[in-house]
Structures are given as structure tokens and as C-alpha cells.
> 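This structure is in C-alpha cells; I'll ask about it shortly.
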Amino acid sequence: MASRRRPSRASSSRSTPQTPSTPLPQREFVGDGAAGRSLQDKYQLAVSNVPRHIDFTTIKKAFETVLRPRVGPNQDFPIHFTLQLDQPDPRRPKDKNRGTGVIYLNDGKFARFLAARVNEYPIKIGDYEVLFQRQDGSLSRALQASYRRPPISREALERKKKNQEALGHEVRVLSVQFGIEGRDRKSFAVEWEGDYNPDAAPKRGRPQNHNKSHAYLKFNEGREGENPRSLQIEISGHSQPEKDILGGTQPEAEILRITIPMNQIRSLENGWVDGMPFIMIRLYNPPSFEKKPRYPSLKGDPKTDFKHSWQRLGNLEPAHERVVAFASKVLRLVITSDPTHLDNFIKMSRFVRLPRLAISLHADIARRDLFSRKRLDEVQAMSSKFPWAVIFQCDTLLRNCLLLPWEILQLKGEINRLVSIGAGFAEEVLKLFVVLVPNLYENQETALDCLRRAETECNNRGMRFALFTPRRGVFRSRHVLVTPTSYCLQGPYDEQSNRVIRLFGPDFEERFIRVAFGDEGGALYRHDWEINNSKFLEKRVGTILKHGLKIGGRHFEFLAYSGSGLRQHSFWFVSPFTHPIFGEVNAEKIRIGLGNFSKVIREPARYGARISQAFSSTDPSVEMQPHEIQMIPDIERETEVQYGDHEQEAIKSRTLNWTDGHGTLSPDLADEIWQRLCELRPKRVKSRPETEEEVRPRAFQIRLGGYKGVVSVDYRLQGKRLIQLRESMKKFDAPHSRGIEISEAFNRPSPMYLNRPLIMLLDTLGVKKSAFVKLQDEAIEKTQVALNHPESSAYLMEMYELGKAFELPSLLTRLSRYGLQKLHGRDPFFRKLLSCSLYHVKREIKYHARIPGKSLCSEPNGIA
């Protein structure tokens, strides 16, 4: 056994850190159990006889080698420890510590064992054996929080160190250019440029201090254990004027940043112009822009100082604001001529596996002002003479960056000719043109030739104006996606209408649009620890909700939202109009006309939910007379409920409503409603395979004025045309709306799904956990097998309601009937479609425990 006393300084200076002793055997230290671990089980031990001449990192690795191997299959949770060494004596400058310290452990049993049997299992560092002694004391909140987090593995730390070494270089950027690339990829038109070369003279229109800024390109290392997530361009020294205490202005130094996610990079190119290298970056979606003060006020706490330190922006500067919506997907970076910077970028891009750097073929690089204010005004003046449906399609070509302004102006005569045939026909041709125009260069045709080809295809399909009128209960919905940099226009699409749109008739459907707010590419906004989105969202989203937006020359104002739309950040907007019956109509008048909301007007959340009831997607059915609507009482019972598990807990009585949200209707009225629904959608009719008898629903989910809920058939009302409602179904007063609107008709059994609350309830009642695990494994297995056959894929999509609006389940079923199983397995589109479906289903199972339950009615093609 080595001596425990500290060796002489001569021997200690020659000693080197050795491999620590054998790790502690796992079988000796079984923990107390995860259920019994609480914060009071955290123990601290005094540490002594630590070599003073060895650095902290080496000492900590020695502790990890002994303590970390305890993590294994026989352990319910790993050992957490925090090591703190006392500061060295200032009179001894060669020492790295004082030889003493404290180690905090999260396992009391292990701490007692370590202190009692340290002689048998010592921690050796060089010629030293570390001593431990039990020490009482409470842990700080920071240590308690750290114990709740899983420890960072050595592999993750090594991966982070490797990332830092490989990505620790910066590339000096002299110029940042956003622009438009020619379809042949041989020309590049600069629409905005930021000069960050201090040696160059400032260009026309730039402030004198613009060139004092410096820009560097670097890769974000990501969080601990993660791969790099983005490529960033930081611009330091940028000045933003602000008022000083004397009323004048002085520049406030800011740091701007352009963040490009790795998965948004389409391709990379490298070339030389005038002896200066440049990097061309093509993106799927625009990057994000952020800023932060160069000299922020810090409080000394890293958790608060760096949280939300960056603020999201919509553009870099006022000059950039005009073109950011049109020229943000192609980025050209002029870097310094020092070859080491380009070499560093190539090495870093290969390390993170970005697209291979190709040779740029750009022969023409110039500033052309393709999206100048004059050109945009010319396009707006041209399209203002068309019907609004055609204006929307022209605006789609411009805002979605499908055509340049001068290319749209060249189509003026052809669009006029299409409008003369019919506004509906012209809209449908332009809608198809929007789909075909991205492939102009591949098809080697001009925009005019592509438009004529779209007209020919419409004529070949028999798409004349008379065929464009949608069926009753469906309207042509136009969508606007508001991103941080632009508006993306889509549609029109055939969608299920609602009560409000049907009220004003088909002639005013185009006055209503759906506006969704999302990040670039349509993804929902997500929380970011580093970026503060609140101020940006208040400006970008709040301004539109308060003051509206302008599309195709019309001003639209916020109207309301539906429950499902709100989850997708989608809202209804309306453009004021004059109706022959209702007169002047705007958003406020529509909301007032929906009903009486005086009971919830002071509760914003409930008020919005009540208004959204009128915007639920429904099918119209029958109109009722006042005497055909009856009110019946709810069935309520006084029930004694015991709160708590002990007998001494108080038993309280509670009134339970057994008919909450449920009403009845007569069989004759149910048959009449079903007949109207089948007239709207003939595919609703289903028959029993055995008797070929038509299956009619006996329950409906309805909206009737201010009432909502489910109604089922009451056979005691035979021979009557009657519906009975209960007070629990009433949400607000709307006495003038007496049409029954159908949200869903239950003409076949619906699959049963488990969820987290139901699983917790069944587990409390004694159901074995193995039953839930078995159902989950079977669901995952069936989901995986569904990729191999069209019928299984169709059943999977039908169960989880995927692609229902586009009738994808029926499409896959028809593929199977026609013997096209190979197309299902080999076609890239279908493979990607099924992969997305598989991802969605597994995500529902993982995060929401949405597991299908076993049922005789849940088999494919099964009718109860």
C-alpha cells in the first residue's frame, strides 16, 4: 500500500499522473431505488490528500474513471458528483490547489460506503491516495438542479472538443450580397449588398461608417453533445443611431447575425472575381436575421445574461427591407484573398457534411434593381385592371418569387385574352401556370410558352368556366402564409365551408381569406433559449392582427379563428364589402351578428372560443322551425365523492351531469339530414357487405345556432320532425340561426385510442403495465409493416386521419385494386409520403401515447 502522506516536493515534481485504480464493482453499490431518492439523499464528503501540483481536469478524470462505470444495466440511475477544490496558497505559486476540497454525491449509501471502505477501493492519482470523510450540509439549489439532469458522457465531451477544434476557425467576409440568380445559373443580379471591407471606399448611398463594420463566417457548434446546427455570419461594429441625454444622436454599436440552418442549404459554389474568392450559398428558405448590443449589460449570471441575448429581425437595415421578401434564397459572400480562410471553410464544410463545394459558373455579376419600387408599382398597376381572382394569381407569381416583375409585365396581353374568355377560366389557367413555371429552364421554354401550355392542358381537361363552380357546402379558399420576411400566397383550394361564408353567398367568398403565421418554410414558431422572439412577433404578427394586411390591392382585417386553425396559428381575415341584403359588412359587424356574447365578453379566451364555433367547418343540412326545436333538462345526479385515500378524509357531495353536451332527434329527422348530406357527397353512402343494406348514422355532431354537441336518435320520437337540445349544449344566444350544421356523421365505427390520461386511470385501477406495452409494440409493428402494401398504408392513413382532405387513403386503395403495388414501393413521391406518415404516427405514440386499442371493428374494411 502506498504511503498516504504527501511526498516531498522533489518526488512530487517528478511524478506523473498514472491510470487510476480499478473502478468500483457495480454489484457492491446497488442504489436505494429511484423512488426513494430525494434532495435530502444528496451527501457531501470532505476530500483531502489531493496532489497539489496536478491540474483540476486530470483530477476530475481520475474521479470519473472510478465513479462513472457504476452506470450500467443493473443501476436504476447514474452517479452524479460535483468536485470542488480549495484555491491554492498564494505563497506557493506552483500549486494548482490546496490539496483539499469537497465532493457532492447524489447517493447516500454510496457516499457512506466510499468513506468507510476507501482503503479497499482507493482513488489513486500519481503517488497519492485520496482520502474521504463524511461531512453534513445542505446542497445549493444549483447543485440540486444539476443532479436532476443526466450526466454528460465522456463521449459527448470528446465530441464537443472535436467540434471546437474542427470548427474553431472564422472566415473573414468582405461583402454580403443577396440577389437573384439566372435560371441557367450563369448570372447573378445583386439586389442588396453589405460592404465590410475597411480598406475600400464607401459606395454610393452608404453611410461613411458602414465600412467600419467587420463580418465573419463561422459554424455554430451546437449544444453539448449535439452536432452543429447552423452556419452564421456575424457583423460587428454596425451602428444604429439613438438619442443621447442631450437630445442629440449617437451611434449605438450592435452586432448583426445571419443564421442559416444546415438543413436549409441546397448547394454551395466557389469562384473568383477580380482576384477575390467568393462563396455562393443557395437556400431552400430564407435565413433568419438577429441582432444584439455589442456591449450588453451583464449581471454575472450566465443563465440570465445569455438567455434571449439575441433579438429576431425581419431584415438587416431599411435598404434591405424592400428586397428581403424577393431576394433571400441566394447568398453570395466575398471573402478575403488570404487562401487559409477559403481552406478553413472547405475543411469545416466537409466536417459538418454540407453539400460538396462546386465550381461557380457565374460570368455576369451586376446590380440591376430587378425589384425596384418603380417595377413593383408597374406590376401592381397592370394587375389592378383584372378581376380580383386573377389579381391574386398575379400576386402569387410575384410574392412567391416565381417570375420577375418584367416577366409578369410581358404576360399582360395574354392574361387580358384569358380574362375575356372568363375570369374563372383565367384563374384556373394561372393556377396551373403557377405549378408549371418553376420548370421553365428544364423545359427550355419562355414564360409565355408555359402560360399557353397551361391553357392547352386546361382545355384538354374540359376546364371551362361552367365547371369551376364548387358544389354546395364547399368554397374556394385562398391562403396567405406570413413569414418573418415575406408573404406566401396559395390557392384557391376547395375546402369545407362554414356558417359565416354560407350566410353571404358564393359571390362574396373571395372576400374571406385564411392567414397563417409561421417561420420560414411554414414551420410553427418555436422557443429558442438564445433568441428573443417576443418583440419581433409583437411587431410582425401583432401589427397584422391589429391593422390588417393588403393582398392584391384589397385590405383585409382580422375576423376570427376556428379551434383547429388556432392550433396551426391560422386565422380568418375579411375584406369589407357591400352586400345587397346586409349592407356594409366588415369584421366587427360579422362578429356582432353571430349572436349574443354578453356573458363571456369579459373573458377573452372564452369569447374567442365561442366565436370560433361559427367558423367550424360544417356541412349544411336542414332548416328547422321554432316549434321543431325543444328544450329538455339535463340528467343530473348527486354523487358522494371522497377526496383522498384515508378514511378520515371528508366525503363531499357533487352534482354530476350525465348528459353534458348530448341531445336527441327523431328518426325521420335523422334520415332527412343523412339524405341531404348524401346529396352533397354521394361517396358517403355505405352498405353492409352481407345484406347490401344502406348504413345510416344514428348520431351526429352538430352546430345549431349557439348550441353544439352530439345528438343521437330517440326512437320514442317516431313520426315526428323534432330535435331536442339541453342547456349544457348552449354556448351563446343565436335565436335567428336555426339551420342544423353537421360537423361529423357517425355512419361507421370509429377506432378507439388510448392516451396519457386514460392510461394513468387504467393503471390506477389495476391494469398491468405489460398490457399497455404490448399494445404499443403491436401498434409500432403494424405501422412499420404498413409501408409494404398499399392497403395497409391506406388503413394507417385512415386511422390517423392523414391526407383525408386529399383522399389519399382511397387513392392508395385504388392503386392496390389496379395492381400497382410496385409503384407504391418504388415511386419516390409515395416513399416520401409514407415516411412522413410513419414519422407522424410514431410521434403521436411517443409524445401523446395515442395507441390504437384492439377491437373487432378496427380491422380494415370492417363495418359494424
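Here the structure is a predicted model, which is why all the values come from computation and not from measurement.
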> Just distance, no hydrogens or angles: give the donor-acceptor pairs under 3.5 Å from side chains in residues 569-583, sequence neighbours left out.
| residue | atom | partner | partner atom | Å |
| --- | --- | --- | --- | --- |
| Ser575 | OG | Arg511 | NH1 | 3.3 |
| Ser575 | OG | His555 | O | 3.2 |
| Thr578 | OG1 | Glu584 | OE1 | 3.3 |
| Thr578 | OG1 | Glu584 | OE2 | 2.8 |
| His579 | ND1 | Ile581 | N | 3.0 |
| His579 | ND1 | Phe582 | N | 3.3 |
| His579 | NE2 | Phe504 | O | 3.3 |

> For Arg476 and Glu428, what are the C-alpha separation, side-chain angles and deciding distance, and is it a salt bridge (charged side-chain N to carboxylate O under 4.0 Å, His left out)?
CA-CA 12 Å; Arg476 298 178 67 78; Glu428 204 65 24; 3.0 Å; yes
> Looking only at side-chain N and O atoms, does Ser617 offer a donor or acceptor that is under 3.5 Å from a partner on Glu495?
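Distance-only check fails for Glu495 and Ser617.
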> Before you tell me yes or no, could you show the steps for Thr483 and Asp519 under side chain to side chain contact (heavy atoms under 4.5 Å, CB included), namely the whole-Å CA-CA distance, both residues' side-chain angles and the distance that decides it to 0.1 Å?
CA-CA 5 Å; Thr483 68; Asp519 212 335; over 6 Å; no
> Can you find a heavy atom in the side chain of Val330 that is under 4.5 Å from one in the side chain of Ile180?
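Val330 does not reach Ile180 side chain to side chain.
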> Is the distance between the ring centroids of Phe178 and His320 less than 6.0 Å?
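Here the rings of His320 and Phe178 have centres that are less than 6.0 Å from each other.
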> Okay, side chain of Thr543, backbone of Arg540: is any donor-acceptor separation there less than 3.5 Å?
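Here the side-chain-to-backbone pair does not exist.
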> Taking atom CZ of Arg375 and atom CZ of Phe326, what is their separation to the nearest 0.5 Å?
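Arg375 atom CZ to Phe326 atom CZ measures 13.0 Å (nearest 0.5 Å).
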> Mind checking whether Pro387 and Val419 have side chains closer than 4.5 Å, heavy atoms only?
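A side-chain contact exists here, since the closest heavy-atom pair is under 4.5 Å.
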> As an exercise, state the distance from CD of Gln724 to CD1 of Ile629, rounded to the nearest 0.5 Å.
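The CD atom of Gln724 sits 12.0 Å away from the CD1 atom of Ile629.
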> Where the side chain of Asn400 meets the backbone of Leu489, is there a donor-acceptor pair that is under 3.5 Å apart?
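Present.
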> Apply salt bridge (charged side-chain N to carboxylate O under 4.0 Å, His left out) to residues Asp395 and Arg478 and explain how you reach the verdict.
CA-CA 12 Å; Asp395 218 9; Arg478 295 167 177 85; over 6 Å; no
> Check whether the side chains of Thr485 and Glu520 place a donor and an acceptor atom closer than 3.5 Å, and report yes or no.
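Short answer, yes.
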> Does a side-chain N-to-carboxylate-O contact under 4.0 Å join Arg417 and Glu414?
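Counted as a salt bridge, because a side-chain N and a carboxylate O are separated by less than 4.0 Å.
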> Between Ile415 and Phe433, does a side chain to side chain contact (heavy atoms under 4.5 Å, CB included) hold up when you go through it step by step?
CA-CA 11 Å; Ile415 297 177; Phe433 176 62; over 6 Å; no
> Under a 3.5 Å threshold, yes or no: a donor from one side chain and an acceptor from the other, between Ser497 and Arg502?
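On atom types as modelled, these side chains qualify, holding a pair under 3.5 Å.
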> Would you find more than 12 non-hydrogen atoms of other residues, nucleotides or ligands less than 6.0 Å from Glu378 atom CD?
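Yes - once you tally the heavy atoms of other residues, nucleotides and ligands closer than 6.0 Å, there are more than 12.
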> Main chain of Lys720, side chain of Ser666: is a donor-acceptor contact present, judged purely on distance under 3.5 Å?
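Pair found, side chain donor or acceptor close to backbone of Lys720.
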> Can you see which heavy atom on Ala609 is nearest to which on Tyr561, and at what distance?
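Closest heavy-atom pair between Ala609 and Tyr561: N-OH, 3.9 Å.
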> What's the shortest heavy-atom distance between Tyr707 and Arg726, and which atoms?
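Nearest heavy atoms, Tyr707 then Arg726: CE2-O, 3.9 Å.
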> As an exercise, state the distance from CH2 of Trp192 to CZ of Arg322, rounded to the nearest 0.5 Å.
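Reported to 0.5 Å precision, the distance equals 12.5 Å.
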> Output yes when a side-chain donor or acceptor of Thr659 lies under 3.5 Å from a complementary backbone atom of His662, and no otherwise.
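No, because the side chain of Thr659 does not come within donor-acceptor range (under 3.5 Å) of the backbone of His662.
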> Taking C-beta and beyond as the side chain, do Phe615 and Leu559 meet within less than 4.5 Å on heavy atoms?
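With C-beta onward as the side chain, the pair touches.
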> Answer whether the closest heavy-atom distance between the side chains of Asn533 and Arg312 falls below 4.5 Å.
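Answer yes - side chains close enough.
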> Check whether any side-chain heavy atom of Asp660 lies under 4.5 Å from a side-chain heavy atom of Asp634, and answer yes or no.
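They are not in side-chain contact.
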> With side chains defined as the heavy atoms from C-beta onward, is the minimum distance between Ile531 and Phe536 less than 4.5 Å?
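The answer is no; the side chains never approach within 4.5 Å.
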> Between Asp377 and Gln380 (side chain of the first, backbone of the second, donor and acceptor by atom type, cut-off under 3.5 Å), is there such a pair?
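Answer holds: no.
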> For Leu677 and Pro620, work out which heavy atoms get closest and say how close.
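Minimum heavy-atom contact is CD2-O, 4.2 Å.
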> With a cut-off of 6.0 Å (strictly less than), are more than 12 heavy atoms of other residues, nucleotides or ligands near NZ of Lys589?
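Yes - once you tally the heavy atoms of other residues, nucleotides and ligands closer than 6.0 Å, there are more than 12.
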> Using the side-chain hydrogen bond (donor to acceptor under 3.5 Å, both in side chains) rule, collect all pairs that involve residues 593-608, keeping only residues at least two apart or in two chains.
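Checked against side-chain hydrogen bond (donor to acceptor under 3.5 Å, both in side chains) - neighbours excluded - the pairs reaching residues 593-608 are Asn596-Ser598.
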> Testing Ile702, Asp619, Thr618 one by one against Ile740 for a side-chain contact (heavy atoms from CB on, under 4.5 Å), which residue passes?
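Answer after filtering Ile702, Asp619, Thr618: Ile702.
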> Would the distance check show the side chain of Ser328 and the main-chain N or O of Ala325 forming a donor-acceptor pair, the cut-off being under 3.5 Å?
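Checked: no pair found.
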> Under a 4.5 Å cut-off applied to non-hydrogen side-chain atoms, are Thr396 and Leu430 in contact?
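With C-beta onward as the side chain, the pair stays apart.
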> May I ask you to decide if Ile391's main-chain N or O and Ser383's side chain share a donor-acceptor pair within less than 3.5 Å?
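No: the side chain of Ser383 does not pair with the backbone of Ile391.
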> For a quick test of reading the model, state the closest non-hydrogen atom pair linking Thr259 to Pro287 and the distance between them.
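Scanning both residues completely, I find the closest heavy atoms to be O-CB, 3.3 Å.
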> Are Asp528 and Trp310 close enough, and set up right, to give a side chain to side chain contact (heavy atoms under 4.5 Å, CB included), and what steps lead you there?
CA-CA 10 Å; Asp528 194 302; Trp310 292 86; over 6 Å; no
> Mark yes or no for whether Gln264, through its side chain, and Pro261, through its backbone, hold a donor-acceptor pair below 3.5 Å.
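Absent.
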> Can you tell me how far the CG atom of Leu808 sits from the OG atom of Ser810, to the nearest 0.5 Å?
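With rounding to 0.5 Å, CG (Leu808) is 7.5 Å from OG (Ser810).
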> Can you tell me how far apart CD (Glu427) and CH2 (Trp388) are? Round to the nearest 0.5 Å.
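Output value for this atom pair is 9.0 Å.
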> Which atoms form the tightest heavy-atom contact between Ile551 and Phe556, and what is the distance?
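So the minimum-distance heavy-atom pair works out to O-CE1, 3.8 Å.
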> Nearest 0.5 Å, please: how far is CZ in Arg703 from OG in Ser743?
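The OG atom of Ser743 sits 5.0 Å away from the CZ atom of Arg703.
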> Given Arg591 and Glu588, is the salt bridge (charged side-chain N to carboxylate O under 4.0 Å, His left out) satisfied, shown in steps?
CA-CA 5 Å; Arg591 288 192 291 265; Glu588 185 63 24; 2.9 Å; yes
> Looking at every heavy atom in both Gly518 and Pro484, which two are closest together, and how far apart are they?
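For Gly518 versus Pro484, the nearest heavy atoms are O-CD, 3.5 Å.
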> Counting only heavy atoms from other residues, nucleotides and ligands, does the tally under 6.0 Å from NZ of Lys292 exceed 12?
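Buried by this count: over 12 neighbours within 6.0 Å.
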> Start with the C-alpha distance between Phe371 and Leu398, add both sets of side-chain angles, then the distance that settles side chain to side chain contact (heavy atoms under 4.5 Å, CB included), and finish with yes or no.
CA-CA 10 Å; Phe371 292 93; Leu398 179 64; 4.2 Å; yes
> Less than 4.5 Å apart, side chain to side chain, heavy atoms only: is that true for Ile673 and Leu665?
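Ile673 vs Leu665: side chains touch.
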> Without swapping roles, check the side chain of Lys731 against the backbone of Lys708 for a donor-acceptor pair under 3.5 Å.
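No, Lys731 side chain to Lys708 backbone: no donor-acceptor pair under 3.5 Å.
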> Is a side-chain donor or acceptor of Ser728 paired with a backbone partner of Gly661 at a separation under 3.5 angstrom?
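Checked: pair present.
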